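When a ligand or atom number is given, it counts from 1 through the structure's own listing order. The chain is numbered in sequence order, starting from 1. Here the structure is a predicted model, which is why all the values come from computation and not from measurement.
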Amino acid sequence: MRSSASPMSESLRLGRATLRDVTPYPTERTACDADLSDNTNLFGAPPAALRELARAGADEISRYPGLHTRHLREALAEYAGVGLDEIVTGCGSDDVIDSAVRAFAEPGEALAYSDPTFSMIPVFARVNGLIPVPVPFTTSLDIDPEALLATGARIIYICSPNNPTGTLASPDAIAHVIDRALGIVIIDEAYAEFSGGAHVTNAPQHARLLVTRTLSKAFGMAGFRIGYGTGSAPLVREIEKVRGPYKENAPGERAAACAVQEDVEWMRTCAQQAVEIRDRFCGALRANAFRPIPSAANFVLVPIRDADLVARVARDAGVALRPYSALAGIGDAIRVTMGPWPLMERALEALISARDRIQRDRDQATTGLRP
Ligand SMILES: *Cc1c(COP(=O)(O)O)cnc(C)c1O
């Protein structure tokens, strides 16, 4: 029997209504000389991970992963300073956050966060049937604890250092939210290796606090897709229920475990370089009349007009930067990941020439309009 052609009715629509405004994350990238767009470790990959990857055996490809799960969790637990049952891993920290949203909130409940933040947060809210509730930062770009708490949200998400601003939430403000929140608090510490001072170790002492971390940024292993979270054992168990099995790939799991055990010093050296270069780069930006937002991470947000156009012009010059349009309280801006200094010189040149070219075109356009 064939169904007759009829206009798409409400009952026939393909996706859930809550997905209507969600667009897939654009992961496809074209190669670029100087790719400063994704906050990964531009100083390289950890030596132990490279060594272990070269040793991947047939079993790791033909069989399900999981042989090294305990090894990875042990390595991460030791690094984070928590017990083995206080750590949960996932396919990137994205997976841990997404699973936590599903584990702790019913559809229709709210997820509050300071805006602007990690672009996946409103998406994780929507795809899990939650309502994203953006809350403004304070004028000094700190989180506003009272405003976050006033949402009554089931989940409050705090990113510190925050992507894309690079700013830290003050310890008092974070403590206030943890003390007073009625639901779950997620602190995303994807960039904590660059800032020091962190909640990853103390998370299990709070019944409703999850702290997420990743091997994608300072640790230089974004390609492996491994992230983790720390929290009390019962909290971590709830996340494991909804995350599902086998989220990490076997060679990555084994290589990452070795890197976390052997290459912490290597990671710290890279992070230190990124921080030094960030401060030098910000000085160069200011010397050229830019006003970068002071950052505690391995990237810098630079407010600039026509960010999309600036990014396109820079891209044509072989430099990939991340543009943002109309960020709350900031406006258009470009995010630049720190890498070896020669790359930063190219980024600076690209920013200056894009800005000047756009300004020139604009001046010409207005002159042309005059009678
Ligand atoms: C990059 C990033 C992540 C995601 O990292 P993965 O572990 O690669 O999924 C999470 N949070 C923030 C704020 C990030 O910038």
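At a 4.0 Å heavy-atom cut-off, ligand 1 touches Lys217 through the side chain alone. Only side-chain heavy atoms of Asp188 come within less than 4.0 Å of ligand 1; its backbone N, CA, C and O stay farther off. Residue contacts with ligand 1, taken as heavy atom pairs separated by less than 4.0 Å, involve Ser93 via backbone and side-chain atoms alike.
Close approach of ligand 1 to Ser216 (heavy-atom distance below 4.0 Å) involves ligand atoms 6 (P), 7 (O), 8 (O). Atoms of ligand 1 lying under 4.0 Å from at least one heavy atom of Cys159, given by number and element, are 13 (C). Of all atoms in ligand 1, listed by their number and element, those nearer than 4.0 Å to a heavy atom of Gly92 are 6 (P), 7 (O), 9 (O). If you number the atoms of ligand 1 from 1 as listed, the ones under 4.0 Å from a heavy atom of Ala190 come out as 11 (N), 12 (C), 14 (C). Those atoms of ligand 1 with a heavy atom of Arg225 less than 4.0 angstrom away are 6 (P), 8 (O), 9 (O).
The shortest heavy-atom distance from Ala222 to ligand 1 is not under 4.0 Å.
Annotation: side chain of His176 is in contact with side chain of Glu146 (closest heavy-atom distance under 4.5 Å). Taking 4.5 Å as the limit, every side-chain heavy atom of Leu235 sits out of range of all side-chain heavy atoms of His206. Between Val101 and Tyr157 there is no side-chain heavy-atom pair separated by less than 4.5 Å.
With hydrogens and angles left out, the side-chain atoms of Asn39 and Asn298 include no donor and acceptor closer than 3.5 Å. Residues Ser93 and Asp188 have side chains that never bring a donor and an acceptor to within less than 3.5 angstrom of each other.
Ring centroid separation for the pair Tyr191 and Phe299 comes in under the 6.0 Å cut-off. Proximity of the aromatic rings of Phe219 and Tyr79 is defined here by a centroid distance below 6.0 angstrom, and this criterion is met.
Within the cation-pi definition used here (under 6.0 Å to the ring centroid, within 45° of the axis), Arg355 qualifies as a partner of Phe290.
Atom 15 (O) of ligand 1 has Tyr191 OH, 2.5 Å as its closest protein atom, hydrogens excluded (heavy atom only). If you check which protein heavy atom lies closest to atom 4 (C) of ligand 1, you get Asp94 OD1, 3.2 Å.
Residue-environment remark: CZ (Arg362) exceeds the threshold of 12 foreign heavy atoms within 6.0 Å.
An N or O contact shorter than 3.5 Å links Asn163 to ligand 1 by distance. Ligand 1 has no N or O atom lying under 3.5 Å from any N or O atom of Asn39, backbone or side chain.
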